[in-house]
*Asks:* 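The structure's right below; bear with me while I get my questions together.
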Amino acid sequence: MRVAVIQFPGSNADWDALHAARDVAKADARYVFHKESELGETDAVIVPGGFSFGDYLRPGAIAGYSPIVPALKRFAERGGPILGICNGFQILAEIGLLPGALTRNAHLRFECRDVHLRVEGRGPFTDTLAEGSVIRVPIAHADGRFHCDAETLETLEKNGRIAFRYCHPDGRLPESPTERGTDGLPINPNGSIADIAGIYDERGNVLGMMPHPERASESILGSADGLGLFESLGAHLRKGAA
Amino acid sequence: MKAKVYVTLKTEVLDPQGDAVRRALHALGHDDVKKVRVGKLVEIDLDGDDRAKAETELQEMCAKLLANPVIEDFRFELE
């Protein structure tokens, strides 16, 4: 599989994404600079984490007008799989490829730690992960509180577009937005509505998530659970080619 | 021409920064502070003197970049 990783000024998980895709998932992965106007030949795109343009104005706001964005939108419209991680999720929401917005963490802290996610929505990045299974991946953000209006939330719920929710290690959802785990830290790390950690777009090929699966792609990193998303993508692409 | 653009969180969006400022104001003894919302002020200098054109432009700048309509409201003043 061929994977393009978009690089913006201020991206800082671009190398992590390239490493996970190329060295661990054995994909043919390369960078595409944000000033390019074409993605080139690729099967999937990763919009990586970081602080593009220093998070000036709002996280992802300025990156949303980079020259590469129209090509990204065309790729999404053709059904191309796109994974936006952390700042990548913020960018995809800013450009309207995903609904809602990522706002300041409810408790104002920058959260940098592992969290547990319950796998729910089906799509290219989650199809081979068992529905209801739990994966452990890290987060590193201050603006990860997903917000959307009630109508959008209902649509996401009804159409199975919520890919991941923050949960206890055993998969239970927190009973309140502030419920803490046995380590004393909030299960929902940012106050996201409905404990949402990641969502798919309406077409089902664009996934945005605040946690970093690429930073949990091999056991030396403490968890290899995130590799499942890359394996799922590989299986999705092979199915499409068959 | 000088413009001032005010960007504020929609009323239904939680503003943790505003809450933190409110608590700090209480700590300073301002117990009468009921609610604080933190927003942004963007000052823009524009070439030309066509007010109608400037207003149309400002509207577009706000809708496309300066505010995120999902979570924010905006208004502007042209001097």
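Here is the naming used below: chain letters follow the sequence lines, and residue numbers restart at 1 for every chain.
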*Asks:* Please report the shortest heavy-atom distance between A:Glu94 and B:Asn68, naming the atom on each side.
*Replies:*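 Between these two residues, the closest heavy atoms are OE2-ND2, 3.3 Å.
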*Asks:* Around B:Asp47, counting heavy atoms of other residues, nucleotides and ligands shown, do more than 12 lie under 6.0 Å from its CG?
*Replies:*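 For B:Asp47, atom CG is not crowded (no more than 12 foreign heavy atoms under 6.0 Å).
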*Asks:* For A:Asp149, is it the side chain, the backbone, both, or neither that has a heavy atom closer than 4.5 Å to a heavy atom of chain B?
*Replies:* neither
*Asks:* Less than 4.5 Å to any heavy atom of chain A: does that hold for the side chain of B:Glu72, its backbone, both, or neither?
*Replies:* side chain
*Asks:* Start with the C-alpha distance between B:Lys10 and A:His147, add both sets of side-chain angles, then the distance that settles side-chain contact (heavy atoms from CB on, under 4.5 Å), and finish with yes or no.
*Replies:* CA-CA 11 Å; B:Lys10 286 179 187 288; A:His147 174 91; over 6 Å; no
*Asks:* Among A:Arg145, A:His107, A:Arg109, exactly one meets side-chain contact (heavy atoms from CB on, under 4.5 Å) together with B:Pro16. Which residue is that?
*Replies:* A:Arg145
*Asks:* Got a sec: does the CD of A:Glu154 have more than 12 other heavy atoms crowding it under 6.0 Å?
*Replies:*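 Open.
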*Asks:* More than 12 heavy atoms of other residues, nucleotides or ligands under 6.0 Å from CD of A:Glu175: is that the case?
*Replies:*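 No, CD of A:Glu175 has 12 or fewer neighbouring heavy atoms, counting only those of other groups under 6.0 Å.
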*Asks:* Does CZ belonging to A:Phe33 count more than 12 external heavy atoms closer than 6.0 Å?
*Replies:* yes
*Asks:* Which bit of B:Leu66 is near chain A, if near means a heavy-atom gap under 4.5 Å: side chain, backbone, both or neither?
*Replies:*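 Looking at B:Leu66, backbone and side chain both touch chain A.
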*Asks:* Surrounding CD of A:Glu151 (heavy atoms of other residues, nucleotides or ligands, distance under 6.0 Å), is the total greater than 12?
*Replies:*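 Check fails, neighbour count at 12 or below.
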*Asks:* Would you say that more than 12 heavy atoms from the other residues, nucleotides or ligands in this model lie under 6.0 Å from the CG of B:Asp49, or not?
*Replies:*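 For B:Asp49, atom CG is not crowded (no more than 12 foreign heavy atoms under 6.0 Å).
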*Asks:* Do you know which of A:Pro99, A:Gly100, A:Cys148, A:Gly64 has the most heavy-atom pairs with chain B at a distance under 4.5 angstrom?
*Replies:* A:Gly100
*Asks:* Atom CD of residue position A:Glu202 - does it have more than 12 heavy atoms of other residues, nucleotides or ligands inside 6.0 Å?
*Replies:*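 No, the 6.0 Å shell around CD holds no more than 12 heavy atoms from other groups.
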*Asks:* Roughly how far, to the nearest 0.5 Å, is the CG atom of B:Leu65 from the CD1 atom of A:Ile62?
*Replies:* 6.5 Å
*Asks:* Look only at the side chain of A:Arg104 and the backbone of B:Leu14, and say whether a donor-acceptor pair between them is shorter than 3.5 Å.
*Replies:* no
*Asks:* Can you tell me how far the CG atom of B:Asp19 sits from the CG atom of A:Leu108, to the nearest 0.5 Å?
*Replies:*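 Rounded to the nearest 0.5 Å, the CG-CG separation comes to 8.5 Å.
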